[in-house]
Q: 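Have a look at this one before I ask anything.
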Amino acid sequence: MKRTHTCGQLRETDIDTEVRLCGWVRSYRDHGGVVFIDLRDREGLTQVVFDLPAESDDAAAEMYKLARALRNEWVIAAGGRVRHRGADRINPKLPTGRIEVLGASLTLLNRSDTVPFEPDEFGNVAEETRLKYRYIDLRRPALAQALVLRHKVCKTMRDVLDAKGFLEIETPFLTKSTPEGARDFLVPSRMQQGEFYALPQSPQLFKQILMIGGLDKYFQIVRCFRDEDLRADRQPEFTQLDVEMAFVCEDDIIDMTTDVLRAVCALADRPFPDEVRRISYAEAMDAYGTDRPDMRYEMLLHDVGEIVADCEFKVFSGAVASGGLVKALAAPGGGAFTRKVIDGYTDFAIEYGAKGLAWCKLADGAFTGTPAKFLSQPVQAKLREVCGASDGDIIFFVADTPAKTNRVLGALRNKLGADMNLYDDRAFAWCWVTDWPLVEWNEDQQRWDSLHHPFTSPRPEDVEKLDSDPGSATARAYDIVCNGVELGGGSIRIHNSGVQQKMFSLLGISAEDAQDRFGFLLDALRFGAPPHGGIALGLDRIVMMLCGAASLREVIAFPKTQRGTCPLTDAPAAVDDKQLAELNLKIIAPPTS
RNA sequence: GGGGCCGUAGCUCAAUUGGUUAGAGCACCGGACUGUCGAUCCGGAGGUUGCGGGUUCGACUCCCGUCGGCCUCGCCA
């Protein structure tokens, strides 16, 4: 039964070799006197030919009969000699297209029912069907190749880090709920009834403990769990490359990460810059309106508050007067946008929370649009200059609270960039976002929230600001961003118990609460914790980007639907009463379905 | 929790203003064919139009509800 080659392997140099291939019938072409079988495995496709046998040869006749009976997705082993196809029979679409195997033996290993869909590159099968029959979908070359790439990415990450002296160390999946950040997945404990483990949102605290334990230079390719609503780029379980080092500062982590990413991009044949640009959080927000700027194109945001502060257009001047932010974005050539297109952008802005979207078209040296008549000539001139706009362009304005203005106009910039084809789809624009604020004020909860997480260190010179002016304290945090997608983030951690306690108290976590939830960390920090820091990279997103996929589901073997279900296994599902009884649990409100 | 799109044969889709027998391609079954390569040709079978209710002489089509999928805002690093 053993195969000698894969279906993607044979070339002209293999001509006259006796081979044996195993795989799935992707298609069959029965010409009566000759039968072609396209045999597929995860490596590729090879054509096997069966010629009409001599009448006297019963064994060959039997084999030929079987060859004619083969159907799609049946599993076979076929042996024979490799031969050239002949100059006029070459299939340039296949890497193996210059050769074929002349079938001399054929074993039917298994039949297949008629498949619900053909696992080929044509067609467009409903996602749910693909997930339900994932074993068929996985035969699709694109999906198989994404998983091959994923494997190679993981291997490269391990090789690079191993060469740098890192240790891969596993951390628990059954751990403690720390209700910071995302919602936890909970696991009831049988032995400690009424108590729950939580699946880790990340191994954050364990890797810090490893540093304190002296196992500096740790990494792990690890599953993380977050019970939040799904998106195309968000699954409830996802994989991180998690790294932590002791005795380091920001540049050490950034350099290490850059080396990893450079190797990963090289393996996928993707460009990676010699030097990754760095941009501060403040600059990113100012010019791009987001903390994950898409640098594939310019078209920057401009703060025009000062220019319009005293203008007659109350939407602008009113926003400035009440401490808001007025920003503008000039779209080159946007003067040609129809009313319908502009209305579309207005709806888009409203989706993101804007009250509306003001715009002015520039033509013949003048502004048109709602705000135009309230903007004096000098104001119009300044807007032109600041936005770098000229006749034929359109300027969009958003006037709101600083956070909302940035959110809306930043999102609009992304949409315009895509709609107007402002960048090459194959471009990769990397940047590090640095100098993050340590905390931000949460208006709803009336408290400070950490931007990164509560274990991120402030800059040493900013520690005292935790008391005086927390909002102005800068964190030793950094995010790696590519094409407007956050691919990872990390920080230098707090390694001083007192500072950590101060941080908790700033975040409104009482001393008792802190001790209850993070006591083990606070204890550990008192027993010789070295300075340390690290980063976590989103593996799924990196692979998704490298293969240009539109969804995480294209790079995960067994992903969940948007409602967190698995059509293959039908998870999640009800459990036996016996199982519940062992856990001393009772379902009090049965699902209303 | 909100907004949007979608659900018709195994798969991908079509079906006029609400109109009489719901069509096509692929897959499947039977047949033909000695160089195809998403083979071709001839024939066949295949449907509770997601589900439940309603309006109507008549519903794939309109209305209400419900289930499911995808995108997205909120949420989430």
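Quick caveat: nothing in here was measured; it's all calculated off a predicted structure.
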Q: Look through every strand shown and name the nucleotide pairing with B:C5 as Watson-Crick or G-U wobble, where both distances are under 3.5 Å.
A: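 WC or wobble partner is B:G69.
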Q: Quick one: label A:Asp30 by what it contacts on the DNA or RNA (base, sugar-phosphate, nothing), any heavy atom closer than 4.0 Å.
A: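 Since a base atom lies under 4.0 Å of A:Asp30, the category is base.
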Q: Under 4.0 Å, counting only non-hydrogen atoms across every strand here, what does A:Tyr28 touch: a base, just sugar-phosphate, or nothing?
A: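 The residue A:Tyr28 makes sugar-phosphate contact but no base contact.
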Q: To the nearest 0.5 angstrom, please state how far the NE2 atom of A:His532 sits from the CD1 atom of A:Ile253.
A: 10.0 Å
Q: Give a yes/no answer on whether the side chain of A:Arg183 brings an N or O atom under 4.0 Å of OP1 or OP2 in B:C76.
A: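 Negative; the distance criterion is not met.
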Q: What nucleic acid atoms does A:Arg98 come within less than 4.0 Å of, heavy atoms only: base, sugar-phosphate, or nothing?
A: nothing
Q: Taking only the side-chain nitrogens and oxygens of A:Arg68, find out if one of them lies under 4.0 Å from OP1 or OP2 of B:G30.
A: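 Result: no.
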Q: From A:Leu143 CG over to A:Leu138 CG, what is the distance, rounded to the nearest 0.5 angstrom?
A: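 Spacing of CG (A:Leu143) from CG (A:Leu138) equals 5.0 Å.
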Q: Counting heavy atoms from C-beta on, name the nucleotide in B:U12, B:C37, B:G10 closest to the side chain of A:Pro116.
A: B:G10
Q: So which nucleotide from B:C73, B:U34, B:C76 ends up closest to the side chain of A:Asp51?
A: B:U34
Q: With a 4.0 Å cut-off on heavy atoms, is A:Asn124 in touch with a base, just the backbone sugar-phosphate, or nothing at all?
A: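 Sugar-phosphate contact only.
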Q: For A:Glu228, is there an ion pair with A:Arg234 - N to carboxylate O distance below 4.0 angstrom?
A: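 Salt bridge between A:Arg234 and A:Glu228, a charged N being under 4.0 Å from a carboxylate O: no.
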Q: Contact class for A:Asp229 (heavy atom, under 4.0 Å): base, sugar-phosphate, or nothing?
A: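 Base, at least one base atom sits under 4.0 Å.
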Q: Rounded to whole angstrom units, what separation is found between the CD atom of A:Gln47 and the C1' atom of B:U34?
A: 13 Å
Q: Measuring to OP1 and OP2 of B:G38, would you say a side-chain N or O of A:Lys93 lies under 4.0 angstrom away?
A: yes
Q: If I take atom OH in residue A:Tyr352 and atom P in nucleotide B:G74, what distance separates them, rounded to the nearest angstrom?
A: 7 Å
Q: Taking only the side-chain nitrogens and oxygens of A:Thr114, find out if one of them lies under 4.0 Å from OP1 or OP2 of B:G10.
A: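 It does not, given that no N or O in the side chain of A:Thr114 lies less than 4.0 Å from OP1 or OP2 of B:G10.
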Q: What is the distance from CD of A:Glu228 to C1' of B:C75, rounded to the nearest Å?
A: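 So the CD-C1' distance, A:Glu228 to B:C75, works out to 5 Å.
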Q: So is the aromatic ring of A:His453 stacked onto the base of B:A77, judging by whether the centres are under 5.5 Å apart and the planes are under 30° apart?
A: no
Q: Separation of A:Ile350 atom CD1 from B:G4 atom C1', in whole Å?
A: 15 Å
Q: Would you check if A:Phe117 stacks with the base of B:G10, given a 5.5 Å centroid limit and a 30° plane limit, both strict?
A: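 A:Phe117 vs B:G10: stacking no.
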Q: Kindly state whether the ring of A:Phe504 and the ring of A:Phe518 have centres lying under 6.0 angstrom apart.
A: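 They qualify: ring centres under 6.0 Å apart.
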Q: The side chain of A:Arg553 is closest to which nucleotide in this list: B:U72, B:G38, B:C70?
A: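 Nearest to the side chain of A:Arg553 among the choices is B:C70.
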Q: Between A:Gln220 (side chain) and A:Thr171 (backbone), is there a donor-acceptor pair under 3.5 Å?
A: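 Checked: pair present.
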Q: Hunt down the Watson-Crick or G-U wobble partner of B:A14, both distances under 3.5 Å, from any strand shown, or write none.
A: none
Q: A:Arg234 near the nucleic acid: base, sugar-phosphate alone, or nothing, with a heavy-atom cut-off under 4.0 Å?
A: base
Q: Do A:Glu237 and A:Lys560 meet the salt-bridge criterion of a basic N to acidic O distance under 4.0 Å?
A: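 A salt bridge links A:Lys560 with A:Glu237.
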Q: Run the salt-bridge test on A:Arg447 and A:Glu440 with the 4.0 Å N-O cut-off and return the result as yes or no.
A: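 No, this pair does not count.
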Q: Any idea which heavy atoms bring A:Ser491 and A:His453 closest together, and the distance?
A: OG-CE1, 4.1 Å
Q: A:Glu486 near the nucleic acid: base, sugar-phosphate alone, or nothing, with a heavy-atom cut-off under 4.0 Å?
A: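 Base, at least one base atom sits under 4.0 Å.
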Q: Give A:Thr565 one of three labels, base, sugar-phosphate or nothing, depending on what nucleic acid heavy atoms sit under 4.0 Å from its own.
A: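 Here A:Thr565 touches the backbone only, sparing every base.
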Q: Determine the contact category for A:Asp347: base if any of its heavy atoms lies under 4.0 Å from a base atom, sugar-phosphate if only primed atoms, P, OP1 or OP2 are that close, otherwise nothing.
A: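 A:Asp347: no heavy atom of the nucleic acid under 4.0 Å.
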Q: Would you say B:C71 has OP1 or OP2 under 4.0 Å from some side-chain N or O of A:Gln562?
A: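 Yes.
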Q: Rounding to an integer number of Å, can you tell me how far A:Glu118 CD sits from B:C28 C1'?
A: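 Distance check: A:Glu118 CD to B:C28 C1' gives 10 Å.
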Q: Describe the nucleic acid contact of A:Leu45 in one word from base, sugar-phosphate, nothing, applying a heavy-atom distance below 4.0 Å.
A: nothing
Q: Which of these nucleotides, B:U36, B:U34, B:A77, is closest to any side-chain atom of A:Arg85?
A: B:U36
Q: Report yes if at least one side-chain N or O of A:Ser27 is closer than 4.0 Å to OP1 or OP2 of B:A39; otherwise report no.
A: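 Answer yes for this pair, as a side-chain N or O of A:Ser27 is under 4.0 Å from OP1 or OP2.
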Q: Could you check which of B:C37, B:A77, B:C75 has an atom nearest any side-chain atom of A:Asp38?
A: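 So the nucleotide nearest the side chain must be B:C37.
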Q: Let's see if you can work this out: which of B:U36, B:C70, B:G68 has an atom nearest to the side-chain heavy atoms of A:Glu127?
A: B:C70
Q: Below the 4.0 Å mark, does B:C37 have OP1 or OP2 next to a side-chain nitrogen or oxygen of A:Arg26?
A: no
Q: So which nucleotide from B:G35, B:G69, B:U12 ends up closest to the side chain of A:Arg89?
A: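 The answer is B:G35.
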Q: Base, sugar-phosphate, or nothing: which does A:Glu100 touch, judged by heavy atoms less than 4.0 Å apart?
A: base
Q: Among B:G38, B:U36, B:U72, which nucleotide sits nearest the side chain of A:Asn91?
A: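 Closest nucleotide to the A:Asn91 side chain: B:G38.
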Q: OP1 or OP2 of B:C73 sitting under 4.0 Å from any side-chain N/O of A:Arg407?
A: no
Q: Can you tell me which nucleotide in B:C76, B:G35, B:C71 comes closest to the side chain of A:Ser551?
A: B:C71
Q: Give A:Arg71 one of three labels, base, sugar-phosphate or nothing, depending on what nucleic acid heavy atoms sit under 4.0 Å from its own.
A: sugar-phosphate
Q: Could you check which nucleotide pairs with B:G47 in any of the strands shown, counting Watson-Crick or G-U wobble with both distances under 3.5 Å?
A: none
Q: Among B:C28, B:G69, B:C33, which nucleotide sits nearest the side chain of A:Glu128?
A: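 For the A:Glu128 side chain, the nearest candidate turns out to be B:G69.
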Q: Taking OP1 and OP2 of B:A39, is either one under 4.0 Å from a side-chain nitrogen or oxygen of A:Arg29?
A: yes
Q: Determine whether the side chains of A:Asp242 and A:Tyr218 contain a donor N or O and an acceptor N or O closer than 3.5 Å.
A: yes
Q: Tell me the interatomic distance from A:Leu102, atom CG, to B:G35, atom P, rounded to whole angstroms.
A: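 In whole Å, B:G35 P lies 16 Å from A:Leu102 CG.
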